[in-house]
Protein chains: 2
Amino acid sequence: MQDSAGIGMAASVGPCASIPADHMDFIRQVLDRVGDKWSMLIIAVLEGGPTRYTDLQRQIPGISQRMLTHTLHQLTEDGLISRTAYAEVPPRVEYALVPLGGGLNEIVKQLIGWAADHHDEIRANRSRAGTTASSASRS
Amino acid sequence: MQDSAGIGMAASVGPCASIPADHMDFIRQVLDRVGDKWSMLIIAVLEGGPTRYTDLQRQIPGISQRMLTHTLHQLTEDGLISRTAYAEVPPRVEYALVPLGGGLNEIVKQLIGWAADHHDEIRANRSRAGTTASSASRS
DNA sequence: CAGCATCCGTAACGATACTG
DNA sequence: CAGTATCGTTACGGATGCTG
């Protein structure tokens, strides 16, 4: 943990704060839940109102029952969405966003907006990949 | 894409927009890049200013060289961060956020803020897991 | 110091089949 | 309709050793 300064060091440590390390845990916690392959998609779809199982499956093309059920279960356990089962003859279950999940959805929407706004730029950069090699000389 | 209504349907489609399916691709693209295990941490650390390889490794406890290098490479390719190599006797390389990555960082910070604000609530909900079984009768 | 190459374990994910 | 259970594949991610 001690600062091993080999040569010049004297680097611009500045505020030094960066990440308090306390937050690192939070980020990972949230990311493991929201950052997986389907959670955000489900949350985004649920924004359009209560949706039932099969509708979810139809609105999210590539998802499998396994993942849909699994992700739905996790989101429900975390209290981000609610599950309501109607005891009807043809079983019906509706999933909906709860306030907590709604708050997260706001951030997800921003992320989606950002993605939609810059995705072509990112793809362009990804193509150039390694072209812009900036070499600075500094004895 | 056509609406196959099994039984009652007539569900509250409302705006029906939900996700234009066009965006689904964007979300996944961004999530696969940002939603992995380390990208966000690196971006968050980089917010504190240009940082060099070993400093990054020291500020992110659990990361391995493989993942650090790999993630750094991807972020650089996407144009989210910049890589500057100084041709000095002891090699020095500094990574820094570029405007594009900075914009994403703003969203990331919100996500971190949300996580820090609700992580205990989520953990609490996760513990109850399955206690609040709401069954609605309707037939 | 910065980075790459290789091996290997884990678990995330998808496809299929079966149940209430 | 709404799930559960099992299996196989793949990739993610970590440890180690070597190069410039």
Side-chain angles (χ1 to χ4, degrees), chain A residues 3-11 28 31-42 50-77 81 83-95 130 133-136 138, chain B residues 4-9 11 28 31-42 50-77 81-96 130 133 135-136 138-139:
Chain A
D3 54 350
S4 60
I7 309 88
M9 65 87 86
R28 291 295 308 280
L31 237 61
D32 280 3
R33 193 58 22 120
V34 181
D36 65 11
K37 217 174 176 183
W38 305 107
S39 295
M40 275 201 188
L41 280 321
I42 292 177
T51 313
R52 56 157 87 185
Y53 192 84
T54 45
D55 284 341
L56 241 20
Q57 196 172 353
R58 293 181 73 259
Q59 288 192 50
I60 306 176
I63 200 169
S64 60
Q65 286 90 341
R66 177 168 154 63
M67 278 302 108
L68 180 56
T69 301
H70 182 67
T71 309
L72 242 24
H73 208 73
Q74 284 193 143
L75 290 173
T76 304
E77 281 185 346
I81 66 175
R83 193 192 105 115
T84 309
Y86 296 92
E88 299 177 345
V89 184
R92 184 171 58 141
V93 177
E94 282 187 348
Y95 292 89
S134 60
S135 58
R138 216 259 215 179
Chain B
S4 63
I7 309 92
M9 69 87 85
R28 290 295 309 279
L31 236 63
D32 280 2
R33 193 56 24 120
V34 180
D36 65 13
K37 216 175 177 183
W38 305 108
S39 294
M40 274 199 189
L41 281 320
I42 292 177
T51 314
R52 56 158 87 185
Y53 191 86
T54 45
D55 284 342
L56 241 20
Q57 198 171 354
R58 291 180 70 260
Q59 289 193 49
I60 305 176
I63 202 169
S64 59
Q65 284 90 342
R66 177 167 154 67
M67 278 302 110
L68 180 56
T69 301
H70 182 67
T71 309
L72 241 25
H73 208 71
Q74 286 193 144
L75 291 173
T76 303
E77 281 185 347
I81 65 175
S82 65
R83 193 193 105 115
T84 308
Y86 296 92
E88 297 177 345
V89 184
R92 184 172 58 142
V93 177
E94 283 187 349
Y95 293 92
S135 58
R138 212 264 215 173
S139 149

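Below, all heavy atoms of this structure are taken into account, side chains as well, without hydrogens, waters or symmetry copies. In this text the structure is predicted, and so the values were computed from the model without any measurement.
- Remark: A/Tyr95 is not in phosphate contact with D/dC1, judged by side-chain N or O atoms under 4.0 Å from OP1 or OP2.
- Of all the heavy atoms in B/Leu75 and B/Ile42, the pair that sits closest is CD1-CG2, 4.0 Å.
- You'll find that the side chain of A/Val93 is closest to D/dA2, out of D/dA2, C/dA2, D/dT16.
- At whole-Å resolution of the value, CZ in A/Arg83 and P in D/dT4 are 8 Å apart.
- Taking atom CG of A/Leu72 as the reference point, atom P of C/dC13 lies 14 Å away to the nearest angstrom.
- Per the geometry, CD belonging to A/Gln65 stands 9 Å off P belonging to C/dA15, to the nearest Å.
- Scored by the side chain to side chain donor-acceptor pair (under 3.5 Å) test, A/Arg28 finds no partners at all (sequence neighbours excluded).
- By the side chain to side chain donor-acceptor pair (under 3.5 Å) test, A/Thr51 is found to be paired with no residue, residues two or more places apart in sequence or in another chain being considered.
- Atom CD of residue A/Gln74 and atom CE of residue A/Met67 lie 8.5 Å apart, to the nearest 0.5 angstrom.
- The side chain to side chain donor-acceptor pair (under 3.5 Å) test applied to A/Tyr53 returns A/Thr69, not counting sequence neighbours.
- Here D/dC12 presents its C1' atom at 14 Å from CG of A/Leu31, a figure rounded to the nearest Å.
- Legend: side-chain hydrogen bond (donor to acceptor under 3.5 Å, both in side chains) pairs involving residues 31-41 of chain B, not counting sequence neighbours, sorted by first then second residue: B/Arg33-B/Asp78, B/Asp36-B/Ser39.
- Considering only side-chain atoms of B/Thr69, the nucleotide from D/dG3, C/dC1, C/dC4 that sits closest is C/dC4.
- Separating the CG atom of A/Asp32 from the P atom of C/dA11 is a distance of 12 Å, rounded to the nearest angstrom.
- Across the protein-nucleic acid pair, A/Tyr86 atom OH and C/dG20 atom P stand 25 Å apart, rounded to whole Å.
- Whole-Å rounding puts the A/Arg92 CZ to D/dC1 P distance at 13 Å.
- Among residues two or more places apart in sequence or in another chain, the side chain to side chain donor-acceptor pair (under 3.5 Å) test is passed with B/Thr71 by none.
- Rounding to whole angstrom units, CD of residue A/Gln57 and C1' of C/dA15 are separated by 12 Å.
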All N/O pairs under 3.5 Å across the protein-nucleotides 13-15 of chain D interface:
{"from": "D/dG13", "atom 1": "OP1", "to": "B/Lys37", "atom 2": "N", "distance (Å)": "3.4"}
{"from": "D/dG13", "atom 1": "N7", "to": "B/Arg66", "atom 2": "NH2", "distance (Å)": "3.0"}
{"from": "D/dG14", "atom 1": "OP1", "to": "B/Lys37", "atom 2": "NZ", "distance (Å)": "3.4"}
{"from": "D/dG14", "atom 1": "OP2", "to": "B/Trp38", "atom 2": "NE1", "distance (Å)": "3.4"}
{"from": "D/dG14", "atom 1": "N7", "to": "B/Arg66", "atom 2": "NE", "distance (Å)": "3.4"}
{"from": "D/dG14", "atom 1": "O6", "to": "B/Arg66", "atom 2": "NE", "distance (Å)": "2.7"}

